[in-house]
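A quick write-up on the structure given underneath.
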Amino acid sequence: MATFKPKFLKPETDDAIADAGGGQEPQSSAFVFNANHNLGLVEQRERLPIRKYRDQILYCLEHHQVVILVGETGSGKSTQVPQYLYEWGWHSKGMIGITEPRRVSTVTLANRVAQERGELVGDTVGYVVRFLERISSETQIKFMTEGILLRELLADPLLTQYGVIIVDEAHERNMLTDMVLGLLKKILRKRSNLKLIISSATIDASFFSEFFSWPGADSDHPLSVKLSIEGRMHAVSHFYLNEPCADYVRETVETVWKLHQKESLGDILAFLTGQEEVLEALDLLREYIAGAEMTNLKVLPMYGSMTSSDQLAVFFTPPKGVRKVVLATNIAETSITIPGIVYVIDCGYVKVKWYNPATCSDSLVVVPVSKASAVQRAGRAGRVRPGKVYRLYTKQDYDALAPRQPPEMRRSEMSGAVLQLKALGIGNILRFDFPSPPPAKNLLSALETLYALDAIDEQGQLTRPVGFLLAELPFSAMLSKMLYVSGQMGCAEEIITIIAMLQVQSVFSRPASAAAQQSGRIAHRHFEVAEGDLITLLNIYSAFVEEGMTKEFCGQYYLIYRNLKRACELREQLLTLARKKYGIAIFSCKGDVEMLCKCITAGFFTQVAYLHHSGVYRQISSGTELAIHPNSTLYTLPQAQYVVYSELLQTTKLFMNHVTVIKKEWLTELAPHYYQQTTVRD
DNA sequence: GAGCACTGC
């Protein structure tokens with residue numbers, strides 16, 4: 001095999017991705033590895049492992065309504081199966097729709113398939129992701145994100161345009177994947193001519209085939225069939241510790257060190273759970289390197305809140321004779337593929353968010369990885385040549401790992417999902433056939449929230465206009481309510497900006513060096529105001545626009561350009577949506593900050609804390625002690641009497657995030673129904 | 001003076 005060099009995508013692909021995400025910057029995940037890049041496209045297609053299963057796949061689809069394709073990465077199923085179906089004429093029965101969990105892979109796959117067919121994307125092969133679509137009346141193979149399919153369901157509940165739906169990467173079990181699968185099950189019972197292909201990892205195949213079966217089905221002709229496809233991964237040898245280790249950050253560093261001394265050249269990828277651990281390991285390893293005056297080892301961090309230009313560093317091939325070590329969070333498990341990796345170090349832990357309906361908060365906890373994750377991490381070593389994985393736990397610990405992480409649906413706040421299902425006519429949410437039903441408490445807590453927001457009535461029916469509006473808006477129920485009220489108050493322009501800023505990943509960059517972190521903090525103060533974090537975000541956005549939306553501005557103030565750009569796009573879309581589709585009047589409050597804070601209160605009145613005389617905040621509804629998150633603007637300011645927050649996060653304490661100062665009398669003014677109830681209860 | 005993994009309409 002030829003020596004690997006990272007390759008950019010074709011020019012038109014780059015454009016598409018730049019449009020989708022980060023302006024002129026190439027997105028980190030836009031890099032693809034293609035070992036056969038010097039072969040013609042036809043030969044490449046013929047060489048893919050999946051080629052010899054083509055007839056089998058087509059046969060299975062003729063005879064079963066659901067086909068579960070079990071295959072490792074690298075089999076080519078995402079690009080080839082849609083083409084096999086098309087070449088066999090399946091498109092005559094309706095479009096071939098393929099859902100993907102991520103935007104970038106949706107665009108990349110569509111471009112790749114169009115290219116293999118010698119066409120431009122947008123003809124036979126098209127794609128739709130939020131903000132961006134390339135489809136025409138000719139389009140028969142349509143790639144889309146899961147969220148898009150869900151939106152289409154609102155307009156066409158039986159998906160009558162489609163003959164086949166392929167749900168790719170279903171094993172990831174995102175919230176939206178599970179929503180789509182649950183709804184597709186309903187549709188399949190009503191439309192026997194609709195076919196479904198699920199692409200899954202080995203351990204989930206039986207789960208899916210059990211889910212897609214129902215009583216009364218003919219046992220000679222089961223509804224679903226499993227089909228396994230070999231991948232094209234190299235062998236990966238596994239190494240375990242003999243004894244459990246006490247400190248996996250230190251162990252990671254020592255493993256890198258030993259490995260570097262005794263193993264042949266090849267890059268190393270180490271998985272840790274968070275930014276803090278990555279930076280700690282980075283420091284330690286650099287000390288080792290400095291101490292030994294080593295010159296042939298290059299260490300790089302990789303986590304979500306680095307700027308794109310810093311992230312890009314991990315994609316370059318190191319100079320000859322130098323080994324690259326990437327210390328990464330879970331971002332390297334699915335979202336990005338780092339080229340050249342031969343050795344993987346897996347610390348055995350992962351950070352997960354877990355919703356707690358009792359306090360309506362998320363907990364952020366470090367837990368042992370699942371077997372599925374451990375396998376996925378190990379697989380990152382086998383993409384170039386046979387690799388090695390060093391697991392920083394014992395074989396016994398590995399054997400005892402849970403087969404997989406509970407799906408997102410079982411550990412998330414549900415109000416958005418409940419609204420969507422209600423809008424699709426699912427009356428009794430508690431009886432909806434979810435692939436993995438969420439805890440009843442989570443559903444009940446969501447119903448309570450929606451009732452408080454006046455989105456559903458006592459019978460659980462969507463209200464008009466509020467409920468239907470909230471169901472259609474593409475963000476959380478509380479933000480939607482805030483937008484609705486802003487139209488009436490006359491401050492929708494600013495509120496839309498705030499919503500856009502809350503929807504994107506943090507705009508505050510977190511550099512790796514301590515000195516830069518300090519400068520960042522000081523730079524961020526520039527935008528801070530006493531009213532709190534939401535108004536601060538509004539200031540940042542306004543300054544970004546005023547200064548010409550440049551990367552230089554972001555660099556100067558330690559802001560993440562790609563996230564601000566995305567906020568900008570979101571804002572544009574929301575403005576159009578709000579004005580044209582929902583008839584929300586777009587006015588500016590012209591600097592009336594109090595109006596904005598009232599409007600924020602109208603959305604978040606269920607999430608209020610008051611300052612107890614003991615000097616700590618308490619949740620108004622339950623009396624639970626809360627603290628202001630150290631990342632909040634209000635952390636260093638004198639404590640206000642009443643605040644609303646948009647998020648509660650349990651780590652060492654129960655922290656309020658995105659906090660806004662309010663006045664007590666606004667609560668009874670804006671939410672009299674709710675505040676009478678709670679005062680009685682108290 | 002504590003610390004946010006990741007994705008999506």
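Labels below follow one simple rule: chain letters A, B, ... track the order of the sequence lines, proteins then strands, and each chain is numbered from 1. These values consider heavy atoms only, across backbone and side chains, with no hydrogens, waters or symmetry-generated copies.
Out of dA5(B), dC9(B), dG8(B), the shortest distance to the side chain of R102(A) is found at dG8(B). When distances run from any side-chain atom of R130(A) to the nucleotides dT7(B), dC9(B), dC4(B), the shortest one goes to dC9(B). For L364(A), counting side-chain heavy atoms from C-beta on, the closest listed nucleotide (dG8(B), dC4(B), dC6(B)) is dC4(B). Relative to the side chain of T652(A), the nucleotides dG3(B), dG1(B), dC6(B) differ in distance, and dG3(B) lies closest.
Judged as a side chain to side chain donor-acceptor pair (under 3.5 Å), and not counting sequence neighbours, Q503(A) has no contacts.
N631(A) comes within 4.0 angstrom of nothing in the nucleic acid, heavy atoms only. If you check every strand for non-hydrogen atoms under 4.0 Å, E172(A) touches nothing.
Rounded to whole Å, the distance from CG on L424(A) to C1' on dC9(B) is 13 Å.
Remark: F207(A) CZ is packed, more than 12 non-hydrogen atoms of other residues, nucleotides or ligands lying under 6.0 Å away.
Ring pair Y398(A)/Y393(A) is parallel by interplanar angle, where below 30° counts as parallel and above 60° as perpendicular.
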Side-chain donor-acceptor pairs of residues 650-657 of chain A under 3.5 Å, sequence neighbours excluded:
residue : atom : partner : partner atom : Å
N657(A) : ND2  : E647(A) : OE1          : 3.4

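The phosphate of dC6(B) (OP1 or OP2) has no side-chain N or O of R411(A) nearer than 4.0 angstrom.
Ranked by how close their nearest DNA chain B nucleotide is to the 5' end, L473(A) and E647(A) are led by E647(A).
Judged by atom type and distance alone, E152(A) does not reach the base of dC9(B) through any side-chain donor-acceptor pair under 3.5 Å.
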